[in-house]
**Student:** 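Pasting in a structure now, in structure tokens, and then I'll have a few things to ask.
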There are 2 protein chains.
Amino acid sequence: MNEMNATQALVASEVSRERGIDRVLKLFAYLNTRGQPVRVADLPKALGAPRSTIYEIVRVLAESGMLEISSDDNKVYFGRAMYLYGISYFRGNDLIRRGSREVDALSKLTGESSELCMLNRNRQAVVHTHPGTRPMRIVSEAGSQWPLPWTASGRLFLSHMSEIEIRELIQPEDLILPDRRVVDINEFIGECVAARDKSIVITRGLINNFSQCLAVPIFGLDGDVQATICFVLPIDLTDAQRAVVQEELISSGRKLSMQGHDR
Amino acid sequence: MNEMNATQALVASEVSRERGIDRVLKLFAYLNTRGQPVRVADLPKALGAPRSTIYEIVRVLAESGMLEISSDDNKVYFGRAMYLYGISYFRGNDLIRRGSREVDALSKLTGESSELCMLNRNRQAVVHTHPGTRPMRIVSEAGSQWPLPWTASGRLFLSHMSEIEIRELIQPEDLILPDRRVVDINEFIGECVAARDKSIVITRGLINNFSQCLAVPIFGLDGDVQATICFVLPIDLTDAQRAVVQEELISSGRKLSMQGHDR
DNA sequence: GACGGGTGTCCGATATATCAGACTGACCCC
DNA sequence: GGGGTCAGTCTGATATATCGGACACCCGTC
């Protein structure tokens with residue numbers, strides 16, 4: 001804005017005090033990535049925050065029910081209030097409600113694992129899952145979040161972005177797959193662009209070498225990809241087997257995208 | 001601590017500045033009681049907070065996904081992140097998971113509306129519901145919270161508290177029913193104490209004059225009431241009809257209370 | 001087109017929340 | 001029992017987040 005008042009600009013850069021709200025948001029995000037209760041004593045290191053601050057914040061959040069502290073080992077995790085607010089969101093969100101039902105129906109119909117996913121900043125959030133009847137373990141858990149280059153849905157979410165937007169969104173570490181292989185960013189962008197015209201995107205062996213992911217877009221009223229609905233399948237299905245479930249999936253995607261349904 | 005430095009003691013009492021975190025928690029609670037998107041412009045009045053503060057807080061929370069702002073009319077409500085964190089809690093919480101399944105099963109079996117409820121501070125939180133097949137509208141929505149004197153579950157939640165604890169917890173306004181009748185606090189305390197030995201508590205015509213509520217306790221390992229599972233029934237059922245579903249409900253409560261199941 | 005009510009943004013002042021660090025007590029290992 | 005590591009609490013100092021109020025804007029109504 002102005003280059004005149006550089007009086008405290010130099011001094012300020014060193015010492016930095018962070019807002020309580022920001023610490024809270026980082027704390028939530030951290031708990032979510034961990035996916036299980038975390039010792040309060042570990043949080044200061046993990047979040048790069050002073051101990052006194054963390055203890056105070058945790059106390060306030062636990063009092064309000066946003067977090068819960070297990071009395072024996074002093075671990076914190078999300079609390080009842082978070083859940084209640086979460087289902088309030090769910091109630092108000094038609095797409096998630098309908099999509100979750102559709103996921104359940106798809107899994108019961110086909111016996112395969114399916115998921116409803118949404119874009120959350122630069123991550124794919126798994127909003128709802130239903131395990132299949134196969135002995136294979138389901139790949140992702142509800143609430144978990146994944147780098148976009150790892151998933152078929154990721155290509156769909158980025159399909160209507162420009163190359164520049166995609167490059168901005170994707171962090172270098174997102175391109176590293178679980179087995180340390182690195183996704184080429186240009187190839188990835190190409191796949192995103194290609195996804196624009198497709199009714200289904202399939203990726204194989206990205207997250208592990210024994211599964212493939214089939215994802216179809218769910219379009220909003222203005223033609224953007226609001227969510228995806230996916231199958232997680234063993235990689236060695238025959239084409240015929242895949243074709244069957246694929247048709248069901250595409251039809252579910254169409255149904256959820258259907259426009260003009262009111263309320 | 002010291003009576004000497006009263007220099008700013010007088011001045012400070014008037015003006016009071018509130019923490020961001022506390023404002024955030026109040027904001028969440030307010031949104032939850034409203035149960036639907038709220039105009040940002042209304043929040044300062046509703047929360048007794050300065051406008052500049054609210055706009056800033058809402059901006060930060062919306063950026064992080066805890067809240068969502070509808071672009072057209074600038075209303076806020078809970079966001080995706082809240083939901084994701086909420087289901088993370090759900091995943092880690094055995095009781096809610098099993099209880100929700102049981103509620104669904106009960107409703108399908110009997111055709112009646114049923115709910116899973118938990119105590120949240122001095123409110124009864126409706127954690128999960130399943131509507132019945134009757135034409136009657138379900139009484140409460142998932143995520144909503146009710147004063148304890150209004151409900152059968154309320155009596156169970158307080159059944160192991162002392163009279164003094166109950167008096168502290170119950171606010172005067174909680175005793176006013178929707179139709180302006182006032183619950184007598186002493187009678188209420190008597191009902192709470194009486195609930196201690198009962199396997200089921202029934203209240204009739206409290207929230208409205210056409211329904212009754214049947215609630216059974218779900219006990220934790222240490223014998224406290226961790227949650228309740230309830231039916232909401234028309235008030236004019238015959239005793240025989242009620243006896244049938246009542247047995248199912250009690251059996252569900254026993255099953256969920258079952259101790260010694262590990263993991 | 002003047003007026004009034006309401007919405008959203010911006011800015012400087014100051015009350016205070018955050019921070020660093022000291023302190024206590026528990027626990028373990030040698 | 002001495003020494004080291006770690007968990008949790010407490011306190012005073014200060015960087016800054018909150019606040020009040022001014023401002024610009026929109027949109028009705030008269």
Side-chain angles (χ1 to χ4, degrees), chain A residues 1-28 30-31 34 37-64 66-77, chain B residues 1-28 30 37-64 66-77:
Chain A
M1 194 141 292
N2 44 12
E3 61 279 85
M4 294 302 286
N5 60 357
T7 34
Q8 68 262 34
L10 307 170
V11 189
S13 61
E14 289 290 295
V15 188
S16 122
R17 180 173 288 205
E18 200 154 353
R19 263 204 298 212
I21 298 193
D22 296 327
R23 297 254 183 239
V24 167
L25 295 175
K26 284 182 182 167
L27 169 57
F28 288 164
Y30 179 72
L31 286 182
R34 292 294 301 267
V38 174
R39 298 184 333 124
V40 179
D42 291 339
L43 289 172
K45 281 157 275 175
L47 301 173
R51 280 188 303 159
S52 41
T53 306
I54 292 295
Y55 277 98
E56 170 66 5
I57 284 177
V58 168
R59 192 187 60 78
V60 172
L61 292 175
E63 253 176 26
S64 72
M66 298 295 292
L67 299 181
E68 268 174 23
I69 306 184
S70 55
S71 50
D72 48 342
D73 51 1
N74 215 28
K75 286 186 175 182
V76 281
Y77 201 53
Chain B
M1 191 142 293
N2 44 11
E3 61 279 85
M4 294 302 286
N5 59 358
T7 32
Q8 68 262 33
L10 306 170
V11 189
S13 62
E14 291 288 296
V15 188
S16 122
R17 180 172 289 206
E18 199 155 353
R19 266 208 294 214
I21 299 193
D22 296 328
R23 298 257 185 235
V24 168
L25 295 175
K26 284 182 183 168
L27 170 56
F28 289 163
Y30 179 72
V38 173
R39 298 182 336 122
V40 179
D42 291 339
L43 289 172
K45 280 158 277 174
L47 301 173
R51 281 189 304 154
S52 43
T53 305
I54 292 296
Y55 276 98
E56 170 66 6
I57 284 177
V58 167
R59 192 187 61 77
V60 172
L61 292 175
E63 252 176 27
S64 72
M66 298 295 293
L67 299 181
E68 267 174 23
I69 307 184
S70 54
S71 50
D72 48 342
D73 53 359
N74 215 28
K75 286 185 173 181
V76 282
Y77 201 55

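These numbers were taken from a predicted model, which means no experiment stands behind them. In what follows, chains carry the letters A, B, and so on, assigned in the order in which the sequence lines appear, proteins first and then strands, with residues in each chain numbered from 1.
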**Student:** So, OP1 or OP2 of C/dG8: does either fall under 4.0 Å of a side-chain N or O from B/Asn74?
**Tutor:**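 Yes, because at least one side-chain N or O of B/Asn74 sits under 4.0 Å from OP1 or OP2 of C/dG8.
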**Student:** Can you measure A/Glu56 atom CD to C/dT16 atom C1' for me and round it to whole angstrom units?
**Tutor:**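 My rounded result for the distance is 12 Å.
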**Student:** Do you know the tightest heavy-atom contact between B/Lys26 and B/Leu47?
**Tutor:**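 Smallest interatomic distance, heavy atoms only, reads O-CD2, 3.8 Å.
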**Student:** From D/dC19, D/dG8, C/dG8, pick the nucleotide closest to the side chain of A/Tyr55?
**Tutor:**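 Nucleotide nearest to A/Tyr55's side chain: D/dG8.
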**Student:** Any carboxylate oxygen within less than 4.0 angstrom of a Lys/Arg side-chain nitrogen, looking at B/Glu56 and A/Arg19?
**Tutor:**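 Yes, charged N to carboxylate O under 4.0 Å.
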**Student:** Once you round it to whole Å, what is the distance between P of D/dA7 and CG of A/Asp42?
**Tutor:**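 After rounding, the reported distance stands at 7 Å.
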**Student:** Which nucleotide, D/dG8, C/dT16, C/dG8, lies nearest any side-chain atom of B/Arg17?
**Tutor:**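 The listed nucleotide nearest to B/Arg17's side chain is C/dT16.
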**Student:** Are any of the side-chain heavy atoms of A/Ile54 and A/Leu27 separated by less than 4.5 Å?
**Tutor:**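 Counting from C-beta outward, A/Ile54 and A/Leu27 never come under 4.5 Å.
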**Student:** Between D/dC19, D/dA7, C/dT18, spot the one nearest the side chain of A/Lys45, thanks.
**Tutor:**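 Closest of the options to the side chain of A/Lys45: D/dA7.
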**Student:** Without decimals, in angstroms, what is the distance between B/Leu25 CG and C/dA17 P?
**Tutor:**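 Roughly 14 Å, once rounded to whole Å.
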**Student:** Give the rounded distance in Å between these two atoms: CZ of B/Arg59 and C1' of C/dC10.
**Tutor:**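 My rounded result for the distance is 13 Å.
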**Student:** Which atom names give the shortest non-hydrogen contact between A/Leu31 and A/Val76, and what distance separates them?
**Tutor:**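 Heavy atoms of A/Leu31 and A/Val76 come nearest at CD2-O, 3.7 Å.
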**Student:** B/Ile57 and B/Gly20: which non-hydrogen atoms are nearest, and at how many Å?
**Tutor:**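 For B/Ile57 and B/Gly20, the tightest heavy-atom pair comes out as CD1-O, 4.0 Å.
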**Student:** When you measure from the side-chain N and O atoms of B/Arg19 to the phosphate of C/dT18, is any distance below 4.0 Å, counting only OP1 and OP2?
**Tutor:**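 Answer is yes, contact under 4.0 Å.
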**Student:** Below 4.5 Å, heavy atoms only, C-beta onward: do B/Leu67 and B/Phe28 meet side chain to side chain?
**Tutor:**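 Sidechains of B/Phe28 and B/Leu67: in contact.
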**Student:** Given atom CG of B/Asp22 and atom P of C/dT16, what is their separation to the nearest angstrom?
**Tutor:**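 About 13 Å, once rounded to whole Å.
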**Student:** Do A/Tyr30 and A/Arg34 meet the criterion of a side-chain donor-acceptor pair at a distance under 3.5 Å?
**Tutor:**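 Checked: A/Tyr30/A/Arg34 side chains pair up, N/O donor to acceptor below 3.5 Å.
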**Student:** Enter the inter-axis angle for the ends of the helix from C/dG1-D/dC30 to C/dC30-D/dG1 (five pairs per end, rounded to 10°).
**Tutor:**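 Between the axes fitted at each end of the helix from C/dG1-D/dC30 to C/dC30-D/dG1 lies an angle of 30°.
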**Student:** Nearest whole angstrom, please: distance from the C1' of D/dT18 to the CD1 of B/Ile57.
**Tutor:**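 In whole Å, D/dT18 C1' and B/Ile57 CD1 are 9 Å from each other.
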**Student:** Quickly work out the B/Glu18 CD to C/dT14 C1' distance and round it to whole Å.
**Tutor:**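 Taking atom C1' of C/dT14 as the reference, CD of B/Glu18 is at 17 Å.
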**Student:** Please list, in numerical order, the residues of residues 46-53 of chain B that have a heavy atom closer than 4.0 Å to any atom of DNA chain D.
**Tutor:**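 When residues 46-53 of chain B is checked for heavy atoms under 4.0 Å from DNA chain D, the hits, listed by number, are B/Pro50, B/Arg51, B/Ser52, B/Thr53.
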**Student:** Please name all residues satisfying salt bridge (Lys or Arg N to Asp or Glu O under 4.0 Å) with A/Arg39, sequence neighbours left out, ordered by chain then number.
**Tutor:**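 Result, salt bridge (Lys or Arg N to Asp or Glu O under 4.0 Å) vs A/Arg39: A/Asp42.
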**Student:** Is the side chain of A/Ser70 donor-acceptor paired with the backbone N or O of A/Lys75 at a distance under 3.5 Å, no angle test?
**Tutor:**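 Looks like yes, one N/O pair under 3.5 Å.
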**Student:** Whole angstrom is fine here: how far is it from CG in A/Leu43 over to C1' in D/dC6?
**Tutor:**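 Taking atom C1' of D/dC6 as the reference, CG of A/Leu43 is at 15 Å.
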